[in-house]
Amino acid sequence: MITALITGASSGIGRATAIKFASHGIKLILCGRRKDRLEQLRQQLSVETEVQILTFDVRNRNEVEENLSSLPDGFRKIDILVNNAGNAHGLDPIQKGNVEDWDAMIDINVKGLLYVSKAVIPGMLEQGSGHIINIGSTAGKEVYPNGNVYCASKHAVDAINQGMRLDLNGTGIRVGAVNPGLVQTEFSDVRFKGNTEKAKKVYQGFKALQADDIADIIYFVVTRPYHVNIADLVVMPTAQASSTMVHKD
Ligand code: NDP
Ligand code: 8X3
């Protein structure tokens, strides 16, 4: 049976991917900080597959290592890693940027992804197979006003995705990125620190991508025949042409 570890499974894209994978019988290791959410999801999905939850902050290297080394025998062989945990914090011009926000984005989106990968890759190397899906963003392909550090963190994910693919070439491990444009999740609630009115406005006047749309794509990516590796995929709502051009009613 295939086992997938998904970071950031407590909401949005990660949660939708967990639900999609469970419906196809993929065994799950679901990670995040909000234990209640993960526990609720575990209960919901346990009728379809086996589920293990791990509660840790990806910023904390010790927590990452301890949690991943504590997996029970039946969950130690990880076939798919979805490096999804991440968020934007703030949307300010660089000269007004908040250093705590910058730290959060670099520590979670970049260093957290590296810590989790560092803990998972040795097992994949040992088994000579595995599939790493890095969730990047259109923000990793172009920079938009006030996006500065979030865009930098996602450009780093883009570089790490390419670097991983080069370095793991020939090991049997597939590496690829899925880079969405605007997806309606809790992303903007986090970016605007709970200002739901401001968050809602981001998705008004057009049909944004939904978390399920990205989950469908991730499932497609991981179900290609072994010789097919989707290296880098960009997906936007039809109404979006770039980070700065969104056709609204
Ligand atoms: P959500 O806010 O809905 O989900 C973010 C997830 O990341 C949550 O499950 C959260 O879990 C987890 N997470 C955040 N910080 C940490 C942390 N320090 N340690 C562990 N887990 C953490 O947003 P999305 O689903 O939209 O975002 C998922 C990914 O998709 C992110 O990498 C984001 O950058 C990317 N993305 C999103 C787009 C969008 O428009 N929504 C577009 C392009 C890319 P918890 O809080 O429980 O820890
Ligand atoms: C999320 C998409 O445009 O808000 O990565 O940066 S955007």
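First listed ligand is number 1; within each ligand, the first listed atom is number 1. Throughout, numbering of the chain's residues begins at 1 and tracks the sequence.
Considering only non-hydrogen protein atoms, atom 43 (C) of ligand 1 sits nearest to P180 O, 3.1 Å. Closest to atom 2 (O) of ligand 1, if we only count protein heavy atoms, is N87 ND2, 3.0 Å. For atom 3 (O) of ligand 1, the nearest non-hydrogen atom of the protein is S11 OG, 2.7 Å. I13 N, 2.8 Å is the protein heavy atom nearest to atom 25 (O) of ligand 1. Closest to atom 12 (C) of ligand 1, if we only count protein heavy atoms, is G8 CA, 3.5 Å. Looking from atom 19 (N) of ligand 1 to the surrounding protein, the closest heavy atom is V58 N, 3.0 Å. The protein heavy atom nearest to atom 21 (N) of ligand 1 is A85 CB, 3.7 Å. Given atom 6 (O) of ligand 2, the protein heavy atom at minimum distance is Y144 OH, 2.6 Å. Of all protein heavy atoms, the one closest to atom 4 (O) of ligand 2 is F187 CE2, 3.4 Å. Nearest protein heavy-atom neighbour of atom 33 (C) of ligand 1: Y150 OH, 3.7 Å.
Distance CD/E50 to CG/L45: 13.0 Å, rounded to 0.5 Å. Separating the CE atom in M236 from the OG atom in S242 is a distance of 7.0 Å, to the nearest 0.5 Å. Note that CD of Q204 and CD of Q184 are 9.5 Å apart. Values are rounded to the nearest 0.5 Å. Taking CD1 from I218 and CD1 from I80, the interatomic distance works out to 10.5 Å, rounded to the nearest 0.5 Å. Distance check: F192 CZ to K200 NZ gives 14.0 Å after rounding to the nearest 0.5 Å. Distance SG/C31 to CD/Q52: 9.5 Å, rounded to 0.5 Å.
Here is the list of ligand 1 atoms found below 4.0 Å of a heavy atom in G12: 3 (O), 25 (O). Listed by atom number, the atoms of ligand 1 under 4.0 Å from F56 heavy atoms are 19 (N), 20 (C). Close contacts between ligand 2 and A139 involve ligand atoms 6 (O) [criterion: under 4.0 Å to a heavy atom]. In the vicinity of L182, heavy-atom distances shorter than 4.0 Å reach the ligand 1 atoms 40 (O). Close approach of ligand 2 to Y150 is summarised as follows: ligand atoms under 4.0 Å from at least one heavy atom of the residue are 1 (C), 5 (O), 6 (O). Proximity to S137 (heavy-atom distance under 4.0 Å) selects the following atoms of ligand 2: 1 (C), 2 (C), 5 (O). If you number the atoms of ligand 1 from 1 as listed, the ones under 4.0 Å from a heavy atom of E186 come out as 2 (O), 3 (O).
Under a 4.0 Å heavy-atom criterion, G136 is in contact with ligand 1. In this structure, R191 has a heavy atom closer than 4.0 Å to ligand 2. Within the structure, the closest approach of A9 to ligand 1 falls below 4.0 Å when heavy atoms are considered.
Comparing heavy-atom distances from atom 17 (C) of ligand 1 across R59, H89, R33 singles out R33 as nearest. Residue nearest to atom 32 (O) of ligand 1, selected from T7, N84, I135, D189: N84 (by heavy-atom distance). Of the listed residues (A104, G140, G86), the one carrying the non-hydrogen atom nearest atom 5 (C) of ligand 1 is G86. Of the candidates S10, G181, A139, S153, the one placing a heavy atom closest to atom 42 (C) of ligand 1 is G181.
A distance-only check finds a donor-acceptor pair linking the side chain of T7 to the backbone of N84 [under 3.5 Å].
Residue T185 has at least one nitrogen or oxygen atom sitting less than 3.5 Å from a nitrogen or oxygen atom of ligand 1, judged on distance alone. Distances between N or O atoms of Q184 and those of ligand 1 include no value under 3.5 Å. Considering backbone and side-chain atoms together, V183 places an N or O closer than 3.5 Å to an N or O of ligand 1. Polar contact with ligand 1: present for D57 (N/O pair, distance under 3.5 Å). Not a single N or O atom of T138, backbone or side chain, sits closer than 3.5 Å to an N or O atom of ligand 1. Checking only distances, G32 never comes within under 3.5 Å of ligand 1, N or O to N or O. Close N/O approach between G14 and ligand 1 is not found [any backbone or side-chain N/O within under 3.5 Å].
For the pair R224 and F220, the cation-pi test (distance below 6.0 Å, angle within 45°) is passed.
Side chains of T138 and V234 form a contact here, defined as non-hydrogen atoms less than 4.5 Å apart. In this structure the side chain of L54 reaches within 4.5 angstrom of the side chain of I29, judged on heavy atoms.
Ring-centre distance between F187 and Y150: below the 6.0 Å cut-off. Checked against the 6.0 Å centroid criterion, the rings of H247 and F206 do not qualify as a close aromatic pair.
Annotation for N229 and R174: closest pair OD1-CB, 3.6 Å, computed over non-hydrogen atoms.
Side chains of N179 and D232: a donor-acceptor N/O pair is present below 3.5 angstrom, by distance only. Between the side chains of T17 and Y219, no donor-acceptor pair of N or O atoms lies under 3.5 Å. N83 and N134 share a side-chain donor-acceptor pair at under 3.5 Å.
Applying salt bridge (Lys or Arg N to Asp or Glu O under 4.0 Å) to E186 and the options R37, K193, R191 leaves one that passes, R37.
A salt bridge does not link K20 with D212: none of the charged nitrogens is closer than 4.0 Å to a carboxylate oxygen.
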